[in-house]
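Just so you know, these numbers come straight off a predicted model, no measurement behind them. Below, chains carry the letters A, B, ... as their sequence lines are ordered, and counting in each starts from 1. As a basis for the values below, the full set of heavy atoms in this structure was taken, side chains included, without hydrogen atoms, waters or symmetry mates.
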Protein chains: 2
Amino acid sequence: MAQQPKPRRSQAERSAETRQRLLDAAVSLMHERGLAGTSTNDIAETAGVSRGALTHHFESREELIAAAIEDMLDKVIGELKSYATRVAEGESSSDALIEFLYGVMSDRLFYVTLEYLPEARHNAMFRHRLVPVVSRWHAALDGIWGELTARYGMKPEAGRDLLNATMCLIRGMIAQTILRDDPPYYRRLLDFWKASIRAQLAAARPERNGPRIVTIPLRGQ
Amino acid sequence: MAQQPKPRRSQAERSAETRQRLLDAAVSLMHERGLAGTSTNDIAETAGVSRGALTHHFESREELIAAAIEDMLDKVIGELKSYATRVAEGESSSDALIEFLYGVMSDRLFYVTLEYLPEARHNAMFRHRLVPVVSRWHAALDGIWGELTARYGMKPEAGRDLLNATMCLIRGMIAQTILRDDPPYYRRLLDFWKASIRAQLAAARPERNGPRIVTIPLRGQ
DNA sequence: ATTTACAAACAGGCTTGACGGTTTGTTTCG
DNA sequence: CGAAACAAACCGTCAAGCCTGTTTGTAAAT
């Protein structure tokens, strides 16, 4: 019989852990069963706490869901910033960045987003609660991308267009995976996009190694 | 007292109208209140028929929702095909096509799609029911786009990449509108994309009017 | 001892699918 | 043709299930 591990945790510790377990459970269930299929009962059970504990920590289901999304996004923003420092140290290509972004989005992030977007669309309270968090996420994205495009001597505005297009493309791809299961298709599309970005970045600094893709049409002139 | 307009409709006519009213109501409500906020009660009320009539025509809520989506998609496929004939007659540019596609998607189509995608993701029956309809939609898209790219002498594969990227971009943009209300942003992004497509199409037929966008970097060489 | 964290039971509301009954249209047959 | 038999469309009600938020009770920390 092992000694019971009871290190007499402080209230703050107990509380924080319970809260975190609930947040994690909420995100996992949203991902696995969808928002509609995620009841407060399920969340409490998955978290291994009672429903009473849940109602103690969160005023309503909506509040819990919003907090869970916020927590998820903050963690991903952390990942993004740590990646940004690596880019700043010159350890990244546009290909790698696109691959990284697609990885982050398709791991769980955008599938969970697809779960709560409808709710955000029809529930103003919920939406307003989430907008600032999403803004932080975009700011973090802008930072890392600005780093990259600046290095290529690209104008910030043009770079931002490229970033925004990239993110929209990734969103659209992931949304499509739900009704079209075709990995080679997505692989091909992502490679196509990486090549496009490479070409545009190369075109942005013609003084260095010059544009390689755009030279092809010159034969015709 | 006006004569009651009772042209003694046949059973088939009565039935078809009731059914159609239910389908239309279901799509409208999905768009306005979301899938979760659309009960069979609401649908029957909006359609102006009794709930009994609803259960008579559709075995279950799920079946009704699926039929409504199918109906919506089939109608849009119709629009698409009629647009395709206009393209075949040479009455369209890539700019106009992109604008048309964005218009179709953002009018209702993709917002409704965002409503049922989560359900499709977690409900295999529902998903399998929808896959063939979505395939028809993509086939219609391929047709119209192939028409356009062929006219520009572009290889079918390259053209398809462009189409797929365009559709994913549009999907991602529309998804983003829910948490980012910023029309100029979307306008700008769409214009950016139209320019990109124009450049790629121009590059595909250098023998005609030659590439205009890609000539800029030549100064540096 | 008092506040905080947690637990369990409860009540109200909503939704879906099922069922019996009614109206309307169609077909059969004298 | 006309009535009767049949089938389809339609209506209103009901019961079972689930979910959320509330309330009441207990244990743990300060």
Side-chain angles (χ1 to χ4, degrees), chain A residues 4-26 29-30 32-68 115-116 118-119 122-123 125-126, chain B residues 4-26 29-30 32-68 115-116 118-119 122-123 125-126:
Chain A
Q4 64 252 36
K6 210 174 189 180
R8 193 179 174 79
R9 296 179 303 163
S10 72
Q11 299 251 53
E13 284 170 330
R14 275 207 305 166
S15 186
E17 184 187 328
T18 300
R19 196 185 153 84
Q20 191 60 52
R21 291 171 72 97
L22 286 165
L23 295 175
D24 291 345
L29 287 174
M30 267 192 279
E32 288 161 22
R33 305 183 197 170
L35 180 56
T38 299
S39 70
T40 51
N41 265 315
D42 296 336
I43 296 174
E45 190 181 352
T46 301
V49 304
S50 73
R51 229 180 77 77
L54 184 152
T55 65
H56 174 73
H57 285 282
F58 299 94
E59 287 203 347
S60 68
R61 174 180 186 269
E62 187 177 314
E63 172 55 28
L64 165 55
I65 296 292
E115 295 295 335
Y116 71 74
E119 178 69 19
H122 300 288
N123 182 336
M125 294 295 154
F126 188 73
Chain B
Q4 64 252 37
K6 212 174 188 180
R8 193 175 176 82
R9 297 180 302 163
S10 71
Q11 299 246 55
E13 283 171 330
R14 271 206 308 164
S15 184
E17 183 186 329
T18 299
R19 198 185 152 84
Q20 191 60 53
R21 290 172 72 95
L22 287 166
L23 296 176
D24 292 344
L29 287 173
M30 268 192 278
E32 289 162 22
R33 306 183 196 171
L35 180 57
T38 299
S39 70
T40 52
N41 266 316
D42 296 336
I43 297 174
E45 189 182 352
T46 301
V49 304
S50 73
R51 228 182 78 78
L54 184 152
T55 64
H56 175 74
H57 284 281
F58 299 95
E59 287 202 347
S60 67
R61 175 180 183 270
E62 187 177 314
E63 173 56 27
L64 165 55
I65 296 292
E115 295 294 333
Y116 70 74
E119 179 69 19
H122 300 288
N123 182 336
M125 295 297 154
F126 189 74

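- In this structure B:Arg33 satisfies the salt bridge (charged side-chain N to carboxylate O under 4.0 Å, His left out) test together with B:Asp42, sequence neighbours excluded.
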Go through the steps to decide whether A:Leu29 and A:Leu35 satisfy the test side chain to side chain contact (heavy atoms under 4.5 Å, CB included), and finish with yes or no. CA-CA 8 Å; A:Leu29 287 174; A:Leu35 180 56; over 6 Å; no
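- Legend: residues meeting salt bridge (charged side-chain N to carboxylate O under 4.0 Å, His left out) with B:Glu32, ordered by chain and number and at least two apart, are absent.
- Atom CD of B:Glu13 is separated from atom C1' of D:dA8 by 15 Å (rounded to the nearest Å).
- OP1 and OP2 of C:dT4 both lie 4.0 Å or more from every side-chain N or O belonging to A:His57.
- For C:dC6, the OP1/OP2 oxygens have no side-chain nitrogen or oxygen of A:His56 closer than 4.0 Å.
- For the residue pair A:His122 and B:Met30, the shortest heavy atom distance occurs at NE2-O, 4.1 Å.
- Contacts of A:Arg21 classified as salt bridge (charged side-chain N to carboxylate O under 4.0 Å, His left out), with partners at least two apart in sequence or in another chain: A:Glu17.
- Rounding to whole angstrom units, CG of residue A:Leu54 and C1' of C:dC6 are separated by 12 Å.
- Rounded to an integer number of Å, the gap from CZ of A:Phe58 to C1' of C:dA5 is 14 Å.
- Under the side-chain contact (heavy atoms from CB on, under 4.5 Å) criterion, B:Glu45 pairs with no residue at all, not counting sequence neighbours.
- In this structure, the CD atom of B:Glu45 is 12 Å from the P atom of D:dG12, given to the nearest Å.
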I'd like to compare against my own output: the B/S/- annotation of nucleotides 12-18 of chain C with a strict under-4.0 Å heavy-atom distance to protein. ----BBB
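- Looking only at distances, no side-chain donor or acceptor of B:Arg19 sits under 3.5 Å from a matching main-chain atom of B:Phe58.
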Check nucleotides 15-17 of chain D for protein N or O atoms closer than 3.5 Å to its own N or O atoms and list the pairs.
none

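- Separating the CD atom of A:Glu17 from the P atom of D:dA28 is a distance of 16 Å, rounded to the nearest angstrom.
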